[in-house]
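Structure, as structure tokens:
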There are 2 protein chains.
Amino acid sequence: MFTIGQMARRTGVKIPTIRYYEQMGLMTAPERSQGNQRRYTKTELDRLGFIKHARDLGLSLDAIRDLIRLNAHPETPCAEADRIADEHLASVRDRIRRLQRLESELSRIASSCKAGTVKDCYVIRALSDHTLCEDDH
Amino acid sequence: MFTIGQMARRTGVKIPTIRYYEQMGLMTAPERSQGNQRRYTKTELDRLGFIKHARDLGLSLDAIRDLIRLNAHPETPCAEADRIADEHLASVRDRIRRLQRLESELSRIASSCKAGTVKDCYVIRALSDHTLCEDDH
DNA sequence: TCTTGAAGCTATAGTCGCTAGAGACATTAT
DNA sequence: ATAATGTCTCTAGCGACTATAGCTTCAAGA
């Protein structure tokens, strides 16, 4: 049996966040001590680890809830789990693409100002004037 | 003079968002018509365009507030504006790096499950078991 | 057994950057 | 004059937490 603090230390998930996951239905409400404190089993520790890992990979709580639900029914085909991972991968790739476009514009803007004062600052001019952009966003 | 709707159409910033920017002190409170509706000048239109552009580039409202403040004092050295753009660029690059690591792990996980049912699904196993990861996060 | 300090409890509010909705009032076109 | 559209304020909601207040419980040492 683990206290909530031990759960936090072992998984790296902060205590209020664990309680939040319980409230959001990602963690089932654990047993309680006589004094009403949460006492977790190994199974629950593992589930929290699963959630942590999936969060680190950027999955939404909704997606994680789906995966947990799938996991609870081991006979269902795993196509659905595949789909969730795939979908997320696509959105990650999209985010990378957009960030890279942004990076190239920003790096053109940043550190490029030779003027001494804001009056002629290229950074501010570039931000004011969209036509200075090399591609549209 | 522009109505809030014209401002929205010209900049692509939604009406409630414009009012929100006013509340947050990014836009100054504009003149009002006799019927208490907002009437904006060209200057204010330009500022909204500036904000939009900076937001599209991912700058926080705080950073934008700083830039606006700088812009209002044209004699200050522009090193500060440079710094804001630089800092933001660094954080964008960091986000790209992290997303790329994530992408490689996810693409390893996704679409790789040959099992028929969730019981042996690689996606779910990979998410449960951090040791399957190729690099640490 | 008592005490102390750390850890845990609930409940509520705040974060960021919007977005949506309700219900009332203003403006514009016909 | 009326209808259609636009705008007003106010409030609440989103996701995923984080912080605070004021309380109770637990574990270890004296």
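Naming: A, B, ... by sequence-line order, numbering from 1 per chain. Below, all heavy atoms of this structure are taken into account, side chains as well, without hydrogens, waters or symmetry copies.
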Sugar-phosphate, base or nothing in reach of A/Arg19, heavy atoms under 4.0 Å: base
Qualifying residue for salt bridge (charged side-chain N to carboxylate O under 4.0 Å, His left out) with B/Arg38, from B/Glu31, B/Glu22, B/Glu44: B/Glu22
Residues A/Asp62, A/Arg65: salt bridge by 4.0 Å N-O rule: yes
Under 4.0 angstrom between A/Tyr21 side-chain N/O and D/dC17 OP1 or OP2: yes
Below 4.0 Å: OP1/OP2 of C/dT19 and any side-chain N or O of B/Thr17: yes
A/Arg65 CZ - D/dG15 C1' separation (whole Å): 11 Å
Residue closer to the 5' end of DNA chain D, B/Arg9 versus A/Ser60 (nearest nucleotide): B/Arg9
Heavy-atom donor-acceptor pair, B/Arg10 side chain to B/Gly49 backbone, under 3.5 Å: no
Whole angstrom value for the distance that separates P of D/dA27 from CZ of A/Arg39: 6 Å
Over all atoms of both residues, closest heavy-atom pair of A/Leu26 and A/Arg47: O-NH1, 3.0 Å
Gap between atoms CZ and P, on A/Arg55 and D/dG15 respectively (whole Å): 12 Å
Nearest-nucleotide pick for A/Asn36, side chain only, options being D/dT9, C/dT10, C/dG8: C/dT10
Nearest-angstrom distance from the residue atom CD of A/Gln23 to C1' of D/dC17: 11 Å
Value in whole Å for how far the C1' atom of D/dT5 lies from CD of B/Gln6: 13 Å
Phosphate-side-chain proximity, A/Arg38 and C/dG8, N/O vs OP1/OP2 below 4.0 Å: no
Minimum-distance nucleotide (side-chain atoms of B/Ile15 versus D/dC26, D/dT7, C/dC9): D/dT7
Distance, rounded to the nearest Å, where A/Met1 contributes CE and D/dA27 contributes P: 13 Å
Options C/dT27, C/dG17, C/dG8, nucleotide nearest the side-chain atoms of B/Ser33: C/dT27
Check: A/Leu48 and A/Phe2 side chains under 4.5 Å, non-hydrogen atoms: no
Main-chain N/O of B/Arg97 paired with B/Gln100 side-chain donor or acceptor, under 3.5 Å: no
Closest nucleotide among D/dT7, C/dC18, D/dA16 to the B/Gln37 side chain: D/dT7
DNA chain C: 5'-proximal contact among A/Gly35 and B/Lys14 (nearest heavy atom): A/Gly35
Nucleotide D/dC8, atom P - distance to CD of B/Glu31 in whole Å: 14 Å
Closest to side chain of B/Ile4, choosing from D/dT7, C/dT19, D/dT18: D/dT7
Touch class at under 4.0 angstrom, heavy-atom based, for A/Arg32 against every strand present: sugar-phosphate
Nearest-nucleotide pick for A/Pro16, side chain only, options being C/dC9, D/dT18, D/dC26: D/dT18
Length of the line joining B/Met24:CE and C/dT15:C1', which is rounded to integer Å: 12 Å
